[in-house]
There are 2 protein chains.
Amino acid sequence: MPYDPSAYPPFAVTVDLVVLTVRKHALCALAVRRGEPPFQGQWALPGGFVLPDEDLGGAAARELAEETGLQVEEPGGHSAHLEQLATYGDPGRDPRMRVVSVAHLVLAPDLPAPVSGGDAKTARWTPVERLLAPEEDRGEASPGRLAFDHDRILADGVERARSKIEYSSLAAAFCPPEFTVGELRRVYEAVWGVALDPRNFHRKVTGTPGFLVPTGGTTTRQGGRPAQLFRAGGATVLNPPMLRPEV
Amino acid sequence: MPYDPSAYPPFAVTVDLVVLTVRKHALCALAVRRGEPPFQGQWALPGGFVLPDEDLGGAAARELAEETGLQVEEPGGHSAHLEQLATYGDPGRDPRMRVVSVAHLVLAPDLPAPVSGGDAKTARWTPVERLLAPEEDRGEASPGRLAFDHDRILADGVERARSKIEYSSLAAAFCPPEFTVGELRRVYEAVWGVALDPRNFHRKVTGTPGFLVPTGGTTTRQGGRPAQLFRAGGATVLNPPMLRPEV
DNA sequence: CCTGTTTATCGTCAGGAAGACGACTAAGAT
DNA sequence: ATCTTAGTCGTCTTCCTGACGATAAACAGG
């Protein structure tokens with residue numbers, strides 16, 4: 001097969017974002033309401049075209065900043081974890097033309113302002129449990145079935161997040177810079193949708209070298225006895241992994 | 001940002017393949033010699049354009065069949081495991097134009113014929129250890145530094161394979177349809193580059209429900225005492241995982 | 001035929017990790 | 001003062017793993 005640059009088939013390349021956070025003990029994803037056809041008025045994942053001189057991660061970071069004001073792993077301001085998720089390119093996934101979308105996964109701490117820094121577009125955090133629910137009636141004001149193949153992309157992103165916190169220290173990306181063991185445990189509980197034993201969880205995370213480093217401070221923001229504050233340690237892999245309880 | 005289909009930036013979309021197999025106790029990857037510029041005469045990963053009406057996995061399967069004659073998960077003929085790996089789209093990764101490449105990972109059993117069914121292109125199995133070695137002199141006849149960013153793609157694919165056999169039954173994709181525990185163990189040893197205890201390995205894989213199903217037959221093709229033959233069971237995840245020994 | 005070699009398979013034992021759960025501590029709320 | 005809410009330290013049992021001894025069943029060579 002000759003490799004002829006002048007005869008390549010025409011494609012558009014976009015990035016779509018699965019932005020996850022934990023709010024009120026629930027795993028939530030960011031959805032935006034589409035202003036133009038197709039799927040006008042329906043909810044979708046944030047995203048947009050990759051610019052000619054931009055790499056894929058850069059395009060994702062730019063879209064993230066435009067939609068949420070979140071910075072990717074930057075000091076000052078809020079920071080978030082970003083990684084490539086997967087690429088979706090079925091013919092017909094966009095009715096207008098052939099579009100290949102490189103989906104990215106973003107894990108962010110809960111934001112004080114619901115969605116700040118964005119333009120005028122309507123954006124909203126929605127519990128993934130509701131977004132991924134089968135075919136319920138969910139009212140049109142809150143996101144139901146997402147546009148394009150975004151339901152599948154969201155499901156893949158959620159599954160990636162659920163499995164990745166098992167064997168990495170990524171759960172800390174859902175927490176503020178300093179956090180307690182209990183706050184970290186509530187992240188696991190929200191992402192996995194299970195209850196974990198506080199004592200065994202405490203033993204596990206404090207007993208894994210390099211996972212948590214104490215900052216010396218304490219807080220009572222959760223009520224109850226004051227808890228030690230920690231920062232995420234240098235360890236990025238968790239071995240042995242945190243075990244997700246059976247159903 | 002208006003979403004204007006008539007003004008999208010021009011991209012070409014390709015698939016590249018990291019095809020891995022185990023031969024002679026070594027993890028090997030498929031490399032092809034390039035016939036045209038750029039990088040003419042240099043070795044690269046097999047790949048090619050995605051056709052206008054083809055999905056990404058279909059393009060990867062087609063390229064695989066063209067290069068190796070391997071069928072993806074098909075009865076009759078050899079079968080192989082195929083999954084999407086990651087997408088590489090840095091500006092400038094191809095000097096001619098903006099090319100976004102969706103890399104796929106293929107795990108295949110060792111082939112009787114080195115590379116069969118392909119066209120006239122030169123293709124060759126090479127131990128990944130040599131392909132990923134730092135900057136050795138490796139002679140020009142055997143693949144050294146790969147073209148484009150294919151060294152990085154290959155490294156990502158190898159790392160994916162190494163980590164994925166820990167917690168899935170994917171190692172069986174490197175084996176013929178019926179195989180012995182010892183053959184499966186040698187796959188793990190080749191992919192990880194370590195020696196495993198035969199007794200503990202046997203206990204682990206035969207003790208995991210659904211991982212292996214005995215076919216009733218035995219074989220002595222490895223020499224020594226006859227070994228039971230197994231097929232891969234339905235279990236796709238391995239919990240608890242097979243532990244990769246520390247270095 | 002006997003013996004050494006190779007590979008497969010079963011068993012034993014000690015150490016570590018995880019689940020279940022009791023007990024105590026230290027703050028705010030009533 | 002007491003209750004409630006979290007956090008933190010221990011204990012005990014069970015399961016899994018790593019290390020390794022021992023036996024079984026084929027083949028090669030004398």
Side-chain angles (χ1 to χ4, degrees), chain A residues 24-25 165-167 175-176 178-190 192 194-230 235 237-247, chain B residues 24-25 165-167 175-176 178-190 192 194-230 235 237-247:
Chain A
K24 318 239 181 148
H25 218 276
I165 65 173
E166 286 186 59
Y167 56 89
C175 294
E178 297 198 349
F179 54 89
T180 71
V181 173
E183 288 166 342
L184 186 63
R185 174 170 51 80
R186 279 181 280 275
V187 164
Y188 276 90
E189 291 179 332
W192 285 344
V194 298
L196 299 176
D197 184 285
R199 298 155 292 190
N200 293 336
F201 183 87
H202 189 276
R203 176 182 62 191
K204 172 72 175 174
V205 296
T206 58
T208 301
F211 188 38
L212 296 181
V213 291
T215 67
T218 63
T219 183
T220 66
R221 63 184 167 221
Q222 297 293 333
R225 169 176 164 182
Q228 277 189 79
L229 284 170
F230 295 88
V237 291
L238 213 49
N239 199 330
M242 180 90 57
L243 294 180
R244 181 164 14 169
E246 307 292 322
V247 183
Chain B
K24 318 241 181 148
H25 218 274
I165 65 174
E166 285 186 59
Y167 56 89
C175 294
E178 296 199 349
F179 53 89
T180 70
V181 173
E183 289 167 342
L184 186 64
R185 175 171 49 82
R186 278 180 280 276
V187 164
Y188 276 89
E189 292 179 331
W192 285 344
V194 298
L196 299 176
D197 185 287
R199 297 155 292 190
N200 293 336
F201 184 87
H202 189 277
R203 177 181 60 191
K204 173 73 173 172
V205 295
T206 58
T208 301
F211 189 37
L212 296 181
V213 291
T215 67
T218 62
T219 183
T220 66
R221 63 183 168 223
Q222 297 292 334
R225 170 176 164 180
Q228 278 188 81
L229 285 170
F230 296 87
V237 290
L238 213 50
N239 199 332
M242 181 90 58
L243 294 179
R244 181 166 12 171
E246 306 294 319
V247 180

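All values below were derived from every heavy atom in this structure, side-chain atoms included, with hydrogens, water molecules and symmetry-related copies excluded. Here the structure is a predicted model, which is why all the values come from computation and not from measurement.
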*Establish, with yes or no, whether the OP1 or OP2 oxygen of C/dA18 is under 4.0 angstrom from a side-chain nitrogen or oxygen of A/K204.*
yes

_For B/T206 against B/F230, the heavy-atom pair lying closest together_ = CG2-CZ, 4.5 Å

*Please give, in whole Å, the distance from D/dC16 P to B/F201 CZ?*
17 Å

*Shortest non-hydrogen contact from B/F179 to B/P176?*
CD2-O, 3.3 Å

*Kindly say whether, by distance alone, the side chain of B/R203 makes a donor-acceptor pair under 3.5 Å with the base of C/dG11?*
no

_Just the rounded figure in Å: distance from C1' of C/dA18 to CG of A/L238._
14 Å

*To the nearest angstrom, how far is A/D197 atom CG from D/dT11 atom P?*
17 Å

Interface polar pairs with nucleotides 3-10 of chain C, N/O, under 3.5 angstrom:
from, atom 1, to, atom 2, distance (Å)
C/dT7, O2, B/R225, N, 3.2
C/dA8, OP2, B/R185, NH2, 3.3
C/dA8, N3, B/R225, NH1, 3.0
C/dT9, OP1, B/Q228, N, 3.0
C/dT9, OP2, B/H202, NE2, 3.2
C/dT9, O5', B/H202, NE2, 3.4

*Taking all non-hydrogen atoms of both residues into account, name the closest pair between B/V205 and B/M242 and its distance.*
CG1-CE, 3.8 Å

*Closest approach of A/N200 to A/D197 (non-hydrogen atoms, all atoms of both residues)*: N-OD1, 3.0 Å

*To the nearest angstrom, how far is A/L196 atom CG from D/dG7 atom C1'?*
16 Å

*Roughly how many Å is it from OH in A/Y167 to C1' in C/dA18, rounded to a whole number?*
21 Å

*Taking only residues two or more places apart in sequence, or in another chain, which ones meet B/T215 in a side chain to side chain contact (heavy atoms under 4.5 Å, CB included)?*
B/E178, B/L229, B/R231

*Between atom CG in B/N239 and atom P in C/dA18, what is the gap in whole Å?*
12 Å

*Provide, to the nearest angstrom, the distance between the CG atom belonging to A/L243 and the P atom belonging to C/dG16.*
18 Å

*Backbone N or O of A/L196 within a donor-acceptor pair of the A/E189 side chain at under 3.5 Å?*
yes

*What about A/N200: does its side chain form a donor-acceptor pair under 3.5 Å with the base of C/dA20?*
yes

